[in-house]
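Notes follow the structure.
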Amino acid sequence: TQSTRPQRMLAAVHNNATRGDPRSVVKAIDQFCRQKEWAMNIGDEKGCILDSVVSEVNPAMVLELGTYCGYSTVRIASQLPPHAKIITLEFNPQNAAVARQIIAWAGLGEKIKLIEGSSGDWIPKLKEQFGVDTFDLVFLDHWKDRYLPDTKLMEECGLLRKGSILLADNVICPGTPEYLEYIRNSPRYKSQYFKSHLEYTRVEDGLEKSIFLG
Ligand SMILES: O=c1[nH]cnc2c(O)cc(-c3ccc(F)cc3)cc12
Ligand SMILES: [Mg+2]
């Protein structure tokens with residue numbers, strides 16, 4: 001039977017990355033996407049911006065919306081301080097299954113909690129189910145039409161504190177106009193745009209970094 005692109009990506013990680021070495025996992029995926037098949041990982045160019053935000057925030061608790069195959073999950077988790085944790089939500093069970101194996105190969109299973117299901121269903125349950133207080137960093141990389149409703153949901157559920165950072169991928173391509181309009185005009189956020197390119201291409205894209213002011 002026909003394999004899927006995430007399964008072929010996982011095979012590339014098994015064949016080219018060193019078990020327990022997150023950087024080699026990231027490199028193997030980027031090589032696969034440049035040389036074999038494009039896939040919607042944040043990629044290396046925007047990934048470097050992600051890395052710089054993670055190291056600046058040095059978060060104890062991270063929420064990632066949209067795991068896909070775990071590329072950014074591994075990239076973030078490999079930079080977290082000891083005892084820090086990342087919760088990542090993935091809607092698609094096939095993607096989640098691949099992500100679990102890529103995360104395991106990177107040796108980061110202890111730092112990462114992958115939850116299968118919709119962000120809209122799970123965000124209101126994170127406090128009671130996982131004893132979460134607030135998130136220091138939220139990485140939005142799931143579905144463009146969910147960025148704004150999920151941000152409002154996180155506010156309502158008390159998951160953000162003064163100083164929490166939201167980092168959103170794809171604000172230009174595919175584009176999240178309603179989210180940008182809200183976050184850039186809300187007095188409760190201070191936003192900054194990081195111009196870059198759509199992963200593995202020369203098409204413009206960028207990340208929007210926003211600080212929640214409380
Ligand atoms: O749906 C997406 N979720 C999260 N990240 C994405 C991402 O980085 C890129 C794209 C994407 C961009 C251009 C294109 F022609 C086809 C798909 C989609 C998502
Ligand atoms: Mg993306």
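Counting starts at 1 for both ligands and their atoms, in listed order.
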| request: Using the six-membered ring wherever Trp is involved, compare the ring planes of Tyr147 and Tyr179 and label them parallel, tilted or perpendicular (cut-offs 30° and 60°). | output: perpendicular

| field | side-chain contact (heavy atoms from CB on, under 4.5 Å) between Arg161 and Phe212, intermediate numbers included | value | CA-CA 7 Å; Arg161 52 132 174 112; Phe212 184 59; 5.9 Å; no

| query | Just one of Lys190, Lys46, Arg184 clears the salt bridge (Lys or Arg N to Asp or Glu O under 4.0 Å) bar with Glu208, so which one? | reply | Arg184

| said: Considering non-hydrogen atoms of the protein only, which is the closest contact for atom 9 (C) of ligand 1, and what is the distance? | reply: Glu199 OE2, 3.2 Å

| request: Nearest 10° is fine: what angle sits at the Mg ion (ligand 2) between OD2 from Asp169 and OD1 from Asp141? | output: 90°

| field | For atom 6 (C) of ligand 1, closest protein heavy-atom neighbour | value | Asn170 OD1, 3.2 Å

| Identity and separation of the nearest protein heavy atom to atom 3 (N) of ligand 1 | His142 O, 2.6 Å

| query | Which is it for Asp30 and Tyr71 under the side-chain contact (heavy atoms from CB on, under 4.5 Å) test, yes or no, and what are the steps along the way? | reply | CA-CA 9 Å; Asp30 283 331; Tyr71 173 92; 2.7 Å; yes

| side-chain contact (heavy atoms from CB on, under 4.5 Å) between Asn41 and Met9, intermediate numbers included | CA-CA 11 Å; Asn41 317 115; Met9 189 187 298; 3.9 Å; yes

| task | May I ask you to check if ligand 1 and Trp38 share an N or O to N or O distance below 3.5 Å? | result | no

| For Asp169, the ligand 1 atoms whose distance to one of its heavy atoms is below 4.0 Å | 8 (O)

| Any chance the side chains of Ser72 and Glu64 put a donor and an acceptor closer than 3.5 Å? | yes

| Shortest protein heavy-atom distance from atom 4 (C) of ligand 1, along with the residue and atom involved | Asp141 O, 3.0 Å

| request: Specify the closest pair of heavy atoms between Ile211 and Gly163, including all atoms of both residues, with the distance to one decimal. | output: CG2-CA, 3.9 Å

| field | Backbone or side-chain N/O/S of Ser72 under 2.8 Å of the Mg ion (ligand 2) | value | no

| query | Just by distance, do the side chain of Ser24 and the backbone of Thr18 share a donor-acceptor pair under 3.5 Å? | reply | yes

| request: Provide, to 0.1 Å, the distance between atom 19 (C) of ligand 1 and the closest protein heavy atom, together with that atom's residue and name. | output: Met40 SD, 3.5 Å

| Sub-4.0 Å heavy-atom approach of Pro174 to ligand 1 | yes

| task | Starting from atom 12 (C) of ligand 1, locate the nearest protein heavy atom and write down its residue, its atom name and how far away it is, to 0.1 Å. | result | Leu198 CD1, 3.6 Å

